[in-house]
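Taking it in order: structure first as structure tokens, then the write-up.
Chain letters run A, B, ... following the sequence lines, proteins first and then strands; every chain starts at 1.
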Amino acid sequence: MSKGLPKRSEDYSLWYNELVKRADLAENSAVRGCMVIKPYGYSIWEKMQAQLDRMFKETGHTNAYFPLFIPKSYLSKEASHVEGFAKECAVVTHYRLKNAEDGTGVIVDPEAKLEEELIVRPTSETVIWSTYKNWIQSYRDLPLLVNQWANVVRWEMRTRLFLRTAEFLWQEGHTAHATKEEAMDETVQMMNVYAQFAEEYMAVPVVKGRKTENERFAGADETFCIEAMMQDGKALQAGTSHFLGQNFAKAFDVKFANKEGGLDYVWGTSWGVSTRLMGALIMAHSDDNGLVLPPKLAPIQVVIVPIYRGDAELEAISEKANEIMVELRKVGISVKFDNRDTHKPGWKFAEYELKGVPVRIAIGPRDLENGTIEIARRDNLSKEQFELSSQPIQEKILSLLDEIQNSIYQKAFNFREEKTTEVNSWEEFKSVLETKGGFVSAHWDGTSETEDKIKELTKATIRCIPLDQKEEEGQCVYTGNPSKGRVLFAKAY
RNA sequence: CGGGGUGUAGCGUAGCCCGGUAUCGCGCCACAUUUGGGAUGUGGAGGUCGUAGGUUCGAAUCCUGCCACCCCGACCA
């Protein structure tokens, strides 16, 4: 119905790009790889932020803010960390411009070269651990549970709106602990927080797991992740939580006096989710008519569209609409009454479908006569005539929003189950990846060499070693070497 | 950085081969009729043809340099 939105089945990637632009979520900016997040898109991000922030605080974390710039020397203090990020860092070399002598504009003032160049943060471990050194002396200072909401820059070769941009918004939690066990518990806890958020709020089912050494965060001893399945059968890493061991504590010399009077290095974690979650949200649920938003994250949950001829009818309908709005707002439902006379009802229907508003109420003269309204669901596009006398409207809508939330989760869950295939031979492995896509559950011999080889041959990577992996004797799907359990392979974003 | 492609109104495009001052659609503005699934008609506004130079009486069109973007590869937690 949507005018010209490409079909998912024809060109998934074009569909995604167009949808992001047409639904007013984001657009490309003048700077390559950087996006403008538009008001509607940003309001969805704000809802995500608000809920995540709540969950972080419930688990004992507080927010702080660290600087955008990192001295270049900091980055190289942790060897594997710098190796992981060096190739995509933006560097500040000067601090002043001046007018060009030929009057053609401004140029970098060569006199204003920085003594030490600054890196625009690709992540903040280094600047934060250099600060933690001053904050931590005793076990009494631990644990330190800090989160920051920030932007980071990673100079990616190829970018896509929300999924991979040169600058993106995220949160990064950085915690410090007295013991290894406590740090590990924290790492797992935050992975669980992410999984809960993805499933309960985004309605996106995820697989919890550990990363292989190849896919691990640069500087971490262990990386936990949540992996989601998109409608085109590709996997999307939706969030990561890293157990840093004592790596950063050693790199930045962060020690504390323990209860026994000895001096120990601190144990660390870091964890983050980004605006990439927007991409996951869009790709998990939306259809050829546009966005489908889960009610819990929709900026507008209910839109009321009046159908009328003339001012008298509009006035009568507005009165009814206002009554309904009051009731809905009392129970915390966000509702918009679109009484603009600059667009016709049909146009508005299509518009709110494109924008993924979960519930649409239409009220016309016929409804006023009959004491009804038309209620339409975005997720399955069904419509019903609802008799206002049959049930309080707020109850009706609350239960409907709930039902939609559950229903889109279930749909995404069923899709992922359908797209998850156990394979036992190399031939099967390749053919499933080529024809069906999705997660391929297979045995692997545990070596990086095999993982690399499989990636080279099929472009599939090990998304994770699922936490619920069953112990099962088997043979690596590629080398035939012994394996103790299945891991999940997929082509990924 | 290699290979291919594209730059024309806010967006999408025709014109380029074969040189003569820019086409069409959407959108925008005005008025009228419309309003239960993206209305119709009439009138109107809007363009340094990416950029710099060259050839020519004359360049969107031909030539050269540069820039930007897109696709494929390399790259990417």
Just call it for Arg463(A): base, sugar-phosphate, or nothing, with non-hydrogen atoms closer than 4.0 Å on any strand. nothing

Rounded interatomic separation in angstrom, taking CZ from Phe168(A) and P from C76(B): 15 Å

Under 30°, 30 to 60°, or over 60°: which ring-plane class applies to Tyr194(A) and Trp271(A), parallel, tilted or perpendicular? perpendicular

Could you walk me through whether Trp129(A) and His81(A) pass the ring pair (Phe, Tyr, Trp, His ring centres under 6.0 Å) check? CA-CA 13 Å; Trp129(A) 280 91; His81(A) 189 67; over 10 Å; no

Can you classify the ring geometry of Phe429(A) versus Phe489(A) as parallel (below 30°), tilted (30 to 60°) or perpendicular (above 60°)? perpendicular

What integer number of Å spans the P atoms of G15(B) and G7(B)? 10 Å

Please classify the nucleic acid contact of Lys459(A) as base, sugar-phosphate, or nothing, using heavy-atom distances under 4.0 Å. sugar-phosphate

Please report the distance separating the C1' of A39(B) from the corresponding atom of G27(B), rounded so that it comes out in whole Å. 16 Å

Side chain of Glu351(A) - closest among C75(B), G38(B), G37(B): G38(B)

Please report, rounded to the nearest Å, how far the C1' atom of G27(B) is from the NZ atom of Lys21(A). 17 Å

Candidates C76(B), G36(B), G37(B) - which lies nearest the side chain of Ala362(A): G36(B)

Between P on G36(B) and CD1 on Ile317(A), what's the gap in Å once rounded to a whole number? 11 Å

Distance check, P atoms only: U23(B) and G10(B), in whole angstrom units. 16 Å

Whole angstroms only, please: what is the CD-C1' distance between Glu374(A) and G37(B)? 9 Å

Rounded to the Å, how far apart are Arg276(A) CZ and C76(B) P? 14 Å

Nearest-angstrom distance, P atom, C76(B) to A59(B): 50 Å

Look at the rings of Phe197(A) and Tyr201(A) and say which category their plane angle falls in: under 30° parallel, 30 to 60° tilted, over 60° perpendicular. parallel

Sole candidate of Thr275(A), Thr159(A), Asn151(A) that passes side-chain hydrogen bond (donor to acceptor under 3.5 Å, both in side chains) when paired with Glu167(A): Asn151(A)

Asp221(A) backbone acceptor or donor facing Arg216(A) side chain under 3.5 Å: yes

For Ala376(A) and for Arg164(A), locate the closest nucleotide of RNA chain B by heavy-atom distance; then report the residue assigned to the nucleotide nearer the 5' terminus. Ala376(A)

Output all residues satisfying side chain to side chain donor-acceptor pair (under 3.5 Å) with Asp338(A), sequence neighbours left out; order by chain, then residue number. Arg340(A), Tyr352(A)

Does the salt bridge (charged side-chain N to carboxylate O under 4.0 Å, His left out) test come out yes or no for Glu227(A) and Lys208(A), once each step is laid out? CA-CA 7 Å; Glu227(A) 293 284 328; Lys208(A) 297 189 271 192; over 6 Å; no

Which nucleotide in the set C76(B), G37(B), G36(B) lies at the smallest distance from any side-chain heavy atom of Lys87(A)? C76(B)

Quote, to the nearest angstrom, the C1' distance that separates C31(B) from A22(B). 29 Å

Pairs counted as Watson-Crick or G-U wobble with both distances under 3.5 Å: what dot-bracket string results for RNA chain B, using | for bases tied to another strand? (((((((..(((.......[...))).((((((.....)))))).....(((((..]....))))))))))))....

Intermediate values then yes/no, side chain to side chain donor-acceptor pair (under 3.5 Å), Thr212(A) and Glu451(A): CA-CA 9 Å; Thr212(A) 60; Glu451(A) 190 180 356; 2.8 Å; yes

Spacing between Glu88(A) atom CD and C75(B) atom P, to the nearest angstrom: 13 Å

Using nucleotides 28-35 of chain B, report all nitrogen or oxygen pairs with the protein that are shorter than 3.5 Å.
unit_1 : atom_1 : unit_2    : atom_2 : d
U35(B) : OP1    : Arg309(A) : NH1    : 2.8
U35(B) : OP1    : Arg309(A) : NH2    : 3.0
U35(B) : OP2    : Arg309(A) : NH1    : 2.6
U35(B) : O2'    : Tyr308(A) : O      : 3.2

Heavy-atom nearest nucleotide on RNA chain B taken for Lys455(A) and for Lys383(A); more 5' hit belongs to Lys383(A)

Below 4.0 angstrom, N of the basic side chain to O of the carboxylate: do Glu78(A) and Lys250(A) qualify? no

So what does Asp367(A) touch, heavy atoms closer than 4.0 Å: a base, only the sugar-phosphate, or nothing? base

What is the separation between atom NZ on Lys491(A) and atom C1' on C76(B), rounded to the nearest whole Å? 17 Å

C67(B) and A52(B): how far apart are their P atoms, nearest whole angstrom? 15 Å

Starting from C1' on G37(B), measure out to CG on Leu354(A) and report it in whole angstrom. 14 Å

For U48(B) versus G4(B), give the span between their C1' atoms, rounded off to a whole number of Å. 30 Å

For the C1' atoms, the ones on G3(B) and on G46(B), what distance do you get once it is rounded to whole angstrom? 39 Å

Could you tell me whether the side chain of His174(A) reaches within less than 4.5 Å of the side chain of Glu125(A), counting heavy atoms only? yes

